[in-house]
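Quick notes on the structure that follows.
Convention: sequence-line order gives letters A, B, ...; per-chain numbering from 1.
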Number of protein chains: 2
Amino acid sequence: MVADARVYEELKANILRGDYSPRQRLVEAELCEEFEASRFAVRAALQSLEADGLVERQRNRGARIREISLEEAVEITEVRMVVEGLVARRAAERVTDAQAATLREIGAAMRVAVASGDVGAYGDLNVRLHQTVREIASHAKATGIIARLHGQMIRHQFAMSRLPGRSSVSVVQHEAIIDAIAARDPDAAESAMRAHIASVIEALRTIAEADVRRG
Amino acid sequence: MVADARVYEELKANILRGDYSPRQRLVEAELCEEFEASRFAVRAALQSLEADGLVERQRNRGARIREISLEEAVEITEVRMVVEGLVARRAAERVTDAQAATLREIGAAMRVAVASGDVGAYGDLNVRLHQTVREIASHAKATGIIARLHGQMIRHQFAMSRLPGRSSVSVVQHEAIIDAIAARDPDAAESAMRAHIASVIEALRTIAEADVRRG
DNA sequence: CACGACAATATTGTCGACAATCTAGTTGCT
DNA sequence: AGCAACTAGATTGTCGACAATATTGTCGTG
């Protein structure tokens, strides 16, 4: 693999894993050591990560992990709401029987995870459900935008998954999405997906209020 | 202005103006001459334009203007449909009386442009209407995504504005959008905007069919 | 004429070195 | 102690040069 692509992939993976704090400095020389690459490769990777909205660079001051405010997180989620609504709609238009069965399996596994309080498994299934819907929809542009926005939300995603009762609310919403897609009802699928993500926005606002209260 | 930012802005403006053909080579050395900048600046600009989806670069083979197929144009427009729907919804939630009056003025000017067959003026008003809606909505993320997608559509935009009867169809749709926003009806605003852009998708399909017929 | 092989030229990829800028620490003064 | 000025070190910005790769042109052969 070419050096700059490698640095980009690895550094992005590290960022998405939450290895860095918001505003943390990313010093070129350190990255060169860490990834055993030249400054050329590191700089190219940083530029790409900046284009992804994960990193901000300021002239003569280097790169930092970009901080995503809750305000921005809400806007990102609003955009995701409508774009993922489009994806759900399209999935409902295209779903095969086999794909519908897969969705149902995921839904059943979610029920199990919620009942047993397994937040980690639930999170994985959540990711898997959304991914499956996107695969069924097969809409490259929408998928690309969702991926990009998702990367910017990683920090808030974690906070939300830890919200008490979050998974018992969302499992019902996930099931509504699955039902609508399996029923090949585009309008219902879009509505269900939007309602689900609207509740994510509410959850974000809940966190925002708690933060204000906590000072 | 810093060289790479300048090259980026100018080259992007040239691309958006339609100065280049799809797949046209962008040779670094030539760009260096044209913009009187170093290769460093030119390469940085090209990388940014690649991130914008306007240019594609292939290792050891340089940069080209990225060709946007009609298929991709349709997908782009579908995403725009839902994102601009969100923007219209939000504009309806936030619009002031003064802003509503501005929208109405634009709508009236559009009527005049259509009646007099002034396609160029109509195009400008079209741009202005959408921009005004975005300003009212004041949704940074949505606006950013729309701008980025718009850049990728520039070639198809031109073909569409030349479609016979296109402006008389869209002027009615624009008025519906204006009415709904001025009435502060988010649902109606979103529906009107989506209907408008859905008809853009149909127009794209019309072009695609004509192209197939023409061979 | 068409095709393959090879050379020449064009172009891109990348490096090390140096210049420019910023930040942190030290010193001197009030 | 607080502040300003200065210095040293850290870091980023950018260049020219060279290596690597792709493309084009030329030549020879059938």
Nucleic acid contacts of residues 33-60 of chain A, taken as heavy-atom distances under 4.0 Å to DNA chain C: A:S38, A:R39, A:F40, A:N60
Would you please confirm or rule out a distance under 4.0 Å between OP1 or OP2 of C:dT23 and any side-chain N or O of A:R61? yes
Under 4.0 Å: is that the gap between some side-chain N or O of A:R25 and OP1 or OP2 of D:dT12? yes
Checking D:dT11, D:dG13, C:dT11 against the side chain of A:E30 (C-beta onward), the nearest is D:dT11
Would you say A:E71 has more than 12 foreign heavy atoms packed within less than 6.0 Å of its CD? no
SB check A:E72 A:R66 (cutoff 4.0 Å): yes
Report the distance from atom CG of B:L26 to atom P of C:dT12, rounded to the nearest whole Å. 9 Å
Euclidean distance, atom CZ of residue A:R64 to atom C1' of C:dC22 [Å, nearest integer]: 12 Å
N/O donor to acceptor pairs below 3.5 angstrom from side-chain atoms of residues 29-36 of chain B, sequence neighbours left out:
none

Would you name the heavy atoms of A:A113 and A:L125 that are closest together and state the gap between them? CB-CD1, 4.1 Å
Looking only at side chains, do A:T132 and A:Q99 share a donor and an acceptor under 3.5 Å apart? no
Can you confirm whether the side chains of B:S199 and B:R166 place a donor and an acceptor under 3.5 Å from each other? yes
